[in-house]
Amino acid sequence: HAIGNAIVHMYVKCDSIEDARSVFDNMQNLDVVGFSTLIVAYIACGNSAEAIKLFQQSKARALAPDNIMVACILDACAAEADLAQGKHIHAYIVASRSELDIAVGNALVDMYGKCGSLDIALDIFQKMKKQDVVTWTSMLAAYAYQGCGEEVLHLFGVMQLKGHMPNDVTYMIILSACSHAGLITHGCLFFLCMSRIHNILLKEEHCNCLINMLVRSGCLDEAEEFINNLPMHPT
RNA sequence: CUUGGUAGCA
């Protein structure tokens with residue numbers, strides 16, 4: 001297994017998914033690692049439908065999906081907004097696991113969020129034994145995706161009250177939520193908190209979010225001033 | 001510490 005899988009992985013890393021696939025197709029004794037390697041590659045190149053097909057093939061071979069594979073395929077369901085398939089995987093997880101792996105839980109929250117099932121995402125989020133920054137960020141993203149700007153900010157407050165530190169990704173969600181909801185004052189405040197309170201390295205994407213927010217809400221002069229005083233060189 | 005995994009704006 002290991003050598004064949006490593007070759008598949010090598011082609012994937014070289015962005016040569018066709019070669020990866022032909023090696024994969026010529027392997028006997030495929031295992032979950034080989035399937036997951038290719039599944040991730042298909043998702044990364046935007047072909048989640050093929051990823052889901054591969055998953056079904058692995059099921060047909062009676063390979064029991066492990067947590068890694070389950071998280072991968074939930075990601076594919078999320079990308080395709082395939083709620084039916086996602087629920088199917090969810091049922092499998094519930095039936096086959098005594099404990100929910102945190103990455104799998106996170107992938108479930110993300111999948112339900114992207115499929116528009118905010119209530120189910122929240123239910124899983126609340127029932128998870130442990131939550132990490134990905135869990136919180138996924139839930140925030142779920143609210144943001146539905147346009148619930150106020151809920152995003154509220155949950156962001158709760159997150160910090162519970163002692164969870166946001167990271168650069170969390171702030172991307174927060175800033176874009178402020179932008180979409182027209183919450184300019186909050187957006188500017190959070191932008192400052194990010195580097196000054198949370199010591200997060202400011203990235204170009206964060207600045208783009210802020211500019212986006214200012215422009216959207218008609219603050220063109222402020223946007224221009226900000227652009228002229230960017231903390232980093234635009235690329 | 002290298003065969004696979006979950007969150008990111010426009």
Side-chain angles (χ1 to χ4, degrees), chain A residues 1-14 17 20 23-24 27 29-44 48 51 54-55 58 63 65-79 86 89-90 93 100-114 121 124-125 128 130-145 149 152 155-156 159 164-181 187 190-191 194 200-216 223:
Chain A
H1 291 168
I3 298 199
N5 291 339
I7 296 171
V8 171
H9 186 226
M10 178 205 68
Y11 281 122
V12 167
K13 275 210 275 200
C14 296
I17 194 160
V23 172
F24 177 88
M27 284 168 65
N29 295 326
L30 288 162
D31 65 0
V32 282
V33 177
F35 272 98
S36 300
T37 305
L38 211 47
I39 284 172
V40 170
Y42 278 118
I43 298 169
S48 296
L54 268 178
F55 174 67
S58 79
L63 291 174
D66 61 6
N67 285 333
I68 297 184
M69 185 182 240
V70 160
C72 294
I73 205 64
L74 284 171
D75 195 26
C77 296
I89 311 287
H90 186 185
I93 296 164
L100 184 62
D101 180 78
I102 189 160
V104 170
N106 292 345
L108 280 171
V109 170
D110 181 58
M111 184 276 294
Y112 280 115
K114 291 207 172 99
I124 294 169
F125 171 82
M128 285 174 67
K130 273 202 166 190
Q131 287 136 339
D132 61 13
V133 66
V134 178
T135 321
W136 284 94
T137 304
S138 300
M139 196 60 231
L140 288 166
Y143 278 118
Y145 188 72
V152 172
L155 192 68
F156 187 51
M159 172 185 182
H164 291 272
M165 282 297 191
N167 66 12
D168 56 332
V169 178
T170 317
Y171 267 107
M172 283 299 292
I173 304 284
I174 297 302
L175 293 174
S176 79
C178 290
S179 176
H180 284 276
F190 289 133
F191 184 84
M194 176 172 39
I200 294 166
L201 188 66
L202 200 54
K203 291 189 186 168
E204 214 176 296
E205 301 95 275
H206 298 113
C207 295
N208 288 340
C209 272
L210 195 78
I211 294 163
N212 200 281
M213 181 185 78
L214 292 171
V215 170
R216 254 190 234 251

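Proteins come first, then strands; the chains are lettered A, B, ... in the order of their sequence lines, and each starts at number 1.
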Test of ring centre spacing under 6.0 Å for A/Phe24 and A/Phe35
yes
If the sugar-phosphate is the primed atoms plus P, OP1 and OP2 and the base is the rest, what is the B/S/- string for nucleotides 5-10 of chain B, using protein heavy atoms under 4.0 Å?
BBBBBS
With rounding to the closest Å, how many angstrom separate the C1' atoms on B/C9 and B/G5?
24 Å
Which residues pass the salt bridge (Lys or Arg N to Asp or Glu O under 4.0 Å) test with A/Asp168, sequence neighbours left out?
A/Lys203
Qualifying residues under side-chain contact (heavy atoms from CB on, under 4.5 Å), relative to [X], sequence neighbours excluded:
X	value
A/Tyr145	none
A/Ala181	A/Leu183
A/Ala142	A/Leu118, A/Met139
A/Ser176	A/His180, A/Cys209

Regarding A/Val109, tell me which of base, sugar-phosphate or nothing describes its non-hydrogen contacts under 4.0 Å with the strands shown.
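Result for A/Val109 = nothing.
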Please state how far atom CG in A/Asn29 lies from atom P in B/U3, giving the value in whole angstrom units.
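After rounding, the reported distance stands at 19 Å.
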In whole angstrom, what separates A/His1's NE2 from B/U3's C1'?
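These atoms are roughly 11 Å apart.
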